[in-house]
J.: 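The structure that follows is given in the form of structure tokens.
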Number of protein chains: 2
Amino acid sequence: MKDFSSPECQGAHRAMRDTLDVIGGKWKLVILSIMLERKWRFKELVREIGISPRILSKELQELEINKLITRTVCNTRPITVEYEATSHSRSLEPVIRALREWGVAHRQEIIGRKENAVPQLSN
Amino acid sequence: MKDFSSPECQGAHRAMRDTLDVIGGKWKLVILSIMLERKWRFKELVREIGISPRILSKELQELEINKLITRTVCNTRPITVEYEATSHSRSLEPVIRALREWGVAHRQEIIGRKENAVPQLSN
DNA sequence: CTGTATCCTCCGTGATACTG
DNA sequence: CAGTATCACGGAGGATACAG
């Protein structure tokens, strides 16, 4: 349990920490980013993002717990599942769009137009 | 080196990945968030954030490499160092503010007003 | 197709002590 | 004060196979 009475939680960054607890990590914003586009099926996400099924499953569960996506099982053969953004996650849409645009701007800021030559953007 | 020709980098989320490579992780946005307020000294940040010196040092170096903060050594005895946000990082200010506000809103969305009772916000 | 189980690796993080 | 060195650890993330 987070200790809300601890000194570091009294400052202006408590809310930021809360946010990062929910949408932080390597994948959540990437998932939400493309999830805002349309409905997706599990395997579509695996392929589109390039993520392992295990990790994706875990991430989706956590997003669903926080009411950022919905999971809908369809009556098909075989069973298919649709994941979709909620209105709550759509409240993040301007932020996500801004973060994407900033990524593009940063690439210009740091490297000029020299694509594919940025140590800071390496994996 | 990131493989920009790989399939998962052709989609709409490449820019988001780039952004997360720079300001992702556990600390960067928290640091930038309070860094936008004013100048800070090293130890001030350690205390304010509740982060170990080693980690803070590493984070600050990475932020400086990406031109998000400046590091200024002052001619004092003993030496002091001031860290300050750059204009480049100030371009993130609206986003950071939005993320903070979203953290507050999310707390309400998920838990109502029941403070200190959120499994999803635990450490 | 939609996941879960299992195993494993490595990086991020922390504590502490220490140097300049 | 501003860091760095060293040691240690847990957990996030990945690969693969498999189950329903």
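Note: hydrogens, waters and symmetry copies are ignored here, and every other heavy atom, side chains too, is used. Numbers restart at 1 for each chain; the letters A, B, ... are given by sequence-line order, proteins then strands. Keep in mind that this is a model prediction, so the values were computed, not measured.
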J.: Return yes if some donor-acceptor pair links the side-chain N/O of A/Ser57 with the main-chain N/O of A/Arg54 below 3.5 Å, else return no.
T.: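 Judged by distance alone, no pair lies under 3.5 Å.
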J.: Measuring to OP1 and OP2 of C/dT2, would you say a side-chain N or O of A/Trp40 lies under 4.0 angstrom away?
T.: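 Checking C/dT2 against A/Trp40, no side-chain N or O comes under 4.0 Å of OP1 or OP2.
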J.: Rounded to whole angstrom units, what separation is found between the NZ atom of B/Lys58 and the P atom of D/dA5?
T.: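 Going from NZ in B/Lys58 over to P in D/dA5 covers 14 Å.
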J.: When the axes are fitted on five pairs at both termini, how much does the helix from C/dC1-D/dG20 to C/dG20-D/dC1 curve, in 10° steps?
T.: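 If I round to tens, the end axes sit 50° apart.
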J.: The criterion is salt bridge (charged side-chain N to carboxylate O under 4.0 Å, His left out); which residues satisfy it with B/Lys39, sequence neighbours excluded?
T.: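 Salt bridge (charged side-chain N to carboxylate O under 4.0 Å, His left out) list for B/Lys39, sorted by chain: B/Glu82.
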J.: What's the CG-P distance between A/Leu60 and C/dT2, to the nearest Å?
T.: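 Those two atoms, CG and P, are 11 Å apart.
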J.: Please report the distance, rounded to the nearest Å, between CD in B/Glu64 and P in D/dG3.
T.: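 For the pair B/Glu64 CD and D/dG3 P, the rounded distance is 10 Å.
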J.: Is any side-chain N or O of B/Arg54 under 3.5 Å from a base N or O of D/dG3, one able to act as donor and the other as acceptor?
T.: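 No such pair is found, so the answer is no.
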J.: What is the nucleic acid contact for A/Glu44, judged by heavy atoms within less than 4.0 Å: base, sugar-phosphate only, or nothing?
T.: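 A/Glu44: no heavy atom of the nucleic acid under 4.0 Å.
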J.: Please determine if a side-chain N or O atom of A/Lys43 lies less than 4.0 Å away from the OP1 or OP2 oxygen of C/dT2.
T.: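 Checking C/dT2 against A/Lys43, no side-chain N or O comes under 4.0 Å of OP1 or OP2.
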J.: 5'-most contact on DNA chain C: A/Thr80 or B/Pro53, nearest heavy atom basis?
T.: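 Taking each residue's closest nucleotide, the earlier one in sequence belongs to A/Thr80.
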J.: From NZ of A/Lys26 over to P of D/dA12, roughly how many Å is that when rounded to an integer?
T.: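 Going from A/Lys26 (NZ) to D/dA12 (P), I get 13 Å.
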J.: OP1 or OP2 of C/dA15 sitting under 4.0 Å from any side-chain N/O of B/Ser52?
T.: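 B/Ser52 to C/dA15 OP1/OP2: no side-chain N or O under 4.0 Å.
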J.: Rounding to a whole Å, what distance do you find between A/Ile49:CD1 and C/dT2:P?
T.: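 Distance, rounded to whole Å: 13 Å.
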J.: Under 4.0 Å between any heavy atoms, over every strand shown, what does B/Glu82 touch: base, sugar-phosphate, or nothing? Just pick one.
T.: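 The answer is nothing, as B/Glu82 stays clear of every strand by at least 4.0 Å.
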J.: Using atom CD1 of B/Ile51 as one end and atom P of C/dT13 as the other, report the distance to the nearest whole Å.
T.: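 Value for this atom pair: 8 Å.
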J.: Does A/Tyr83 place a side-chain N or O at less than 4.0 Å from the phosphate oxygens OP1/OP2 of C/dG3?
T.: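 For C/dG3, OP1/OP2 do have a side-chain N/O of A/Tyr83 under 4.0 Å.
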J.: With a 4.5 Å limit on heavy-atom distance, are the side chains of B/Ile31 and B/Leu56 in contact?
T.: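 Heavy-atom side-chain distance check passes, below 4.5 Å.
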J.: To the nearest angstrom, how far is B/Ile55 atom CD1 from D/dA2 atom P?
T.: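 That distance rounds to 18 Å.
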J.: Can A/Asn66 and B/His106 be counted as having a side-chain donor-acceptor contact under 3.5 angstrom?
T.: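 A pair is found: one side chain offers a donor N or O, the other an acceptor, under 3.5 Å apart.
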J.: Please determine, for the side chain of A/Arg41, which listed nucleotide (C/dC1, D/dG14, D/dA2) has the closest atom?
T.: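 Output: C/dC1.
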J.: So which heavy atom on A/Leu36 is nearest to which on A/Ser89, and how close?
T.: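 Reported closest heavy-atom pair: CD2-O, 4.2 Å.
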J.: I need the CG-P distance between A/Leu56 and D/dA15, as an integer number of Å.
T.: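 That distance rounds to 14 Å.
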J.: Answer with base, sugar-phosphate or nothing: what part of the nucleic acid does B/Arg77 contact at a heavy-atom distance below 4.0 Å?
T.: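 Touches nothing.
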J.: For A/Thr19 and B/Arg100, run side chain to side chain donor-acceptor pair (under 3.5 Å): C-alpha distance rounded to whole Å, both residues' side-chain angles, the deciding distance at 0.1 Å, then the answer.
T.: CA-CA 7 Å; A/Thr19 299; B/Arg100 266 203 305 248; over 6 Å; no
J.: Respond yes when some side-chain nitrogen or oxygen of A/Gln61 is under 4.0 Å from OP1 or OP2 of C/dG3, and no when none is.
T.: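 For C/dG3, OP1/OP2 do not have a side-chain N/O of A/Gln61 under 4.0 Å.
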J.: Take A/Arg38 and A/Glu84, measure what salt bridge (Lys or Arg N to Asp or Glu O under 4.0 Å) needs, and give me the verdict at the end.
T.: CA-CA 7 Å; A/Arg38 60 172 173 90; A/Glu84 190 175 12; over 6 Å; no
J.: So B/Glu109 and A/Lys67, salt bridge (Lys or Arg N to Asp or Glu O under 4.0 Å) or not? Walk me through it.
T.: CA-CA 9 Å; B/Glu109 174 83 13; A/Lys67 298 180 182 175; 5.5 Å; no
